[in-house]
Amino acid sequence: GEDVEQSLFLSVREGDSSVINCTYTDSSSTYLYWYKQEPGAGLQLLTYIFSNMDMKQDQRLTVLLNKKDKHLSLRIADTQTGDSAIYFCAATSNAGKSTFGDGTTLTVKP
Amino acid sequence: DGGITQSPKYLFRKEGQNVTLSCEQNLNHDAMYWYRQDPGQGLRLIYYSQIVNDFQKGDIAEGYSVSREKKESFPLTVTSAQKNPTAFYLCASSTGTSGAKFFGPGTRLTVL
């Protein structure tokens, strides 16, 4: 089955850019999502990209997709302390099966 | 306001008891899901439902049961057969199974 991998931790300084990486194994994954989870809360959809796209930008968020390498990244520009959270990558196939990574904990230092 | 709600936020259970977690959505979504989240881990799918009166087992369905009698509601029962039920439970919904999922705030279940 699909496997989605993320690095577990990332620490940046306030104002810097953060880049969170994700790799997946199923080349038929059509929909790729990024979610944010704050402590004790549910997941909040941040952004998404379809497999026929290379890049998507939404305000401070930029998603890059390298379909050949099955690599997805989320860049957060001008990272703020409020961006500290766990970020999950999720890959969904056409059949609707979703697989989540284990999450990357982003810590933003003032 | 459209959204997805879960109740209660915290739930304590004695060993051997069944408990039911509530999930309600007013987003008019067809698909609903239950996930379990353990510390430092990703989400594992327990059950999902694509339409009313139909549901399928996910990856870790043993010890859990669900019903989908109404489009808006997808309650999860954690039975005494679930050996390690202490976890954070998340309900989600989507327009279709490939669509983006909208999550509820979660229920933290602790077995005493």
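Computed from a prediction, not measured in an experiment: that's the story for all the values here. Each chain gets a letter, A, B and so on, in the order the sequences are listed, and its residues count up from 1.
Note: the hydrophobic cluster containing A:Ile76 also contains A:Leu10 (ILVMFWY, side chain heavy atoms under 4.5 Å, direct or indirect links). Linking Ile, Leu, Val, Met, Phe, Trp and Tyr whenever their side-chain heavy atoms come within less than 4.5 Å puts B:Tyr64 and B:Val66 in one cluster. Note on B:Leu76 and B:Leu43: separate hydrophobic clusters, where clusters join Ile, Leu, Val, Met, Phe, Trp and Tyr whose side-chain heavy atoms are under 4.5 Å apart, directly or indirectly. Linking Ile, Leu, Val, Met, Phe, Trp and Tyr residues whenever their side-chain heavy atoms come within less than 4.5 Å leaves B:Tyr89 and A:Ile86 in two separate clusters. Criterion: ILVMFWY side-chain heavy atoms under 4.5 Å apart, direct or through other members. Under it, B:Leu11 and B:Tyr47 are part of a common hydrophobic cluster.
Ranking A:Gln44, A:Gln6, A:Gln37 against chain B, the residue ahead of the rest is A:Gln37, based on heavy-atom pairs under 4.5 Å.
With a 4.5 angstrom heavy-atom cutoff, B:Gln37 touches chain A only via side-chain atoms. Both the backbone and the side chain of B:Lys101 have a heavy atom closer than 4.5 Å to some heavy atom of chain A.
Using non-hydrogen atoms only and a strict 4.5 Å limit, the part of residues 97-110 of chain A facing chain B consists of A:Lys97, A:Ser98, A:Phe100, A:Gly101, A:Asp102. Within residues 47-66 of chain A, no residue has any heavy atom closer than 4.5 Å to a heavy atom of chain B.
Atom NZ of B:Lys14 is surrounded by 12 or fewer heavy atoms from other residues, nucleotides or ligands within 6.0 Å.
The backbone N or O of B:Ala100 lies less than 3.5 Å from a partner atom in the side chain of A:Tyr33, making a donor-acceptor pair.
Across all non-hydrogen atoms, the minimal contact from B:Leu90 to A:Gly42 is CD2-CA, 3.6 Å.
Each of B:Phe102, B:Phe103, B:Tyr35 was compared with A:Tyr35 under the ring-ring contact (aromatic ring centres under 6.0 Å, His included) criterion, and only B:Phe103 meets it.
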